[in-house]
Amino acid sequence: MNRRQFLALGAVATGTFAVGGLSRLASRAASAQGAAAPTVDRLVLTNVVDNIYDVFAKGGKLDTVTVERTPLNVQSPLLAEHGLAYHLESLRGDERRQILLDFSLTDLNLFNNYRSLKLDPLAADALIISHGHADHYGALPALARVGEGRFKPGITLYAGGEDTFCQRMVITSGGTVDQGRLDGGALEGRGVKVVLAKQPTVVAGHAFTSGQIARTTDFEKPPAAARLVAGPMDSACSATHFGPTQVQTTPGELVADNFSGEHATVYHVKGRGLVVITSCGHAGVINSVRQAQKATGIDKVHAIVGGFHLAPAPDDVVAKTVAAFKTIAPDYIIPMHCTGINTIMAVHREMPARLIMPSTGTRVIFGA
Ligand SMILES: [Fe+2]
């Protein structure tokens, strides 16, 4: 896919939600959001909330990036939790944009860390939600409440599909975890416009989303434990939206979750290449990178960032993923959140110079 094709795929749909009850989606074609994949001079990626906060994590200038850590502040400490949130600040010339990607699990941690990092989430130019799990959307309803009338006019949340707003479950040996449901109608009621970006879509003129991610590898499968709660057949959560094999379900039935609406966030940093942020990576980190390359026609990957969801993966999947990393040859790999120690150790062993260890409060500065 070349840049012209990216333009052709720039169309998005806006969601209309009934407030209360199951989301019902009336998609309509909207104007193309983007021209070609945009390029930025600089990207400052701040890991606002992650699973760990490591005061001893090493920072400093590497070959082509700078890693800044947030030292311990006893009066205003950072809080880590099982969740992920990013603040993304980019520059192109004098033009500055701020995008919030994912919103951790609890507003306690998200608000605390934004305050501690001296970043203002209400100054955002756009919002992106990667998928509908609570450890990514958890604090978004509270943020929308606080931001009502205070966010920039027309503030927009980019989601990858209807399923972002369906109820999710995870079946574990220890029991069922109810991931809840992000209420799109309630967000719109607070003045946050919701856009379904199923195709690659430019966000705030600087970033772009991957669109729904083609599954091209044979070793990356959706987590077997993940379930989606089916809604009525004519609803946004009907199984017709979950994938080609799920067509007949009864409301309330738990169906296998293939994360059809999960998308990645991507920047093209001038002179460096793509920075691909997978968030939780249920669609597969390699699939996500390949999708970003295909959508832009840009092969050079500068960094792969995010949760890669390989914590429960068997050794052979980890080995195949690391082999694919070597083929892609990114300059840096930043394995956060749900990546798992098995994969971090494998990257450390096989590609030690590429590894940047994650920690809540870390700023990575890409570009000039
Ligand atoms: Fe996650």
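In each ligand, atom 1 is the first atom listed, and ligand 1 is the first ligand listed.
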Between S104 and E81: side-chain donor-acceptor atoms closer than 3.5 Å: yes
Would you please say whether a donor-acceptor pair under 3.5 Å links the side chains of T362 and R69? yes
Between F366 and H302, is the ring centre distance below 6.0 Å? yes
Only pairs under 3.5 Å count here: list side-chain donor-acceptor contacts from residues 318-330, not counting sequence neighbours, and write none if there are none.
from	atom 1	to	atom 2	distance (Å)
T321	OG1	V317	O	2.8
K326	NZ	E350	OE1	2.6
T327	OG1	A323	O	3.2

Cut-off under 2.8 Å, centre the Fe ion (ligand 1), protein N/O/S atoms: D135 OD2, H136 NE2, C280 SG, H337 NE2
P335 versus P358, closest heavy-atom pair with distance: O-CG, 3.1 Å
Could you tell me how the ring of H309 sits relative to the ring of H282: parallel (under 30°), tilted (30 to 60°) or perpendicular (over 60°)? tilted
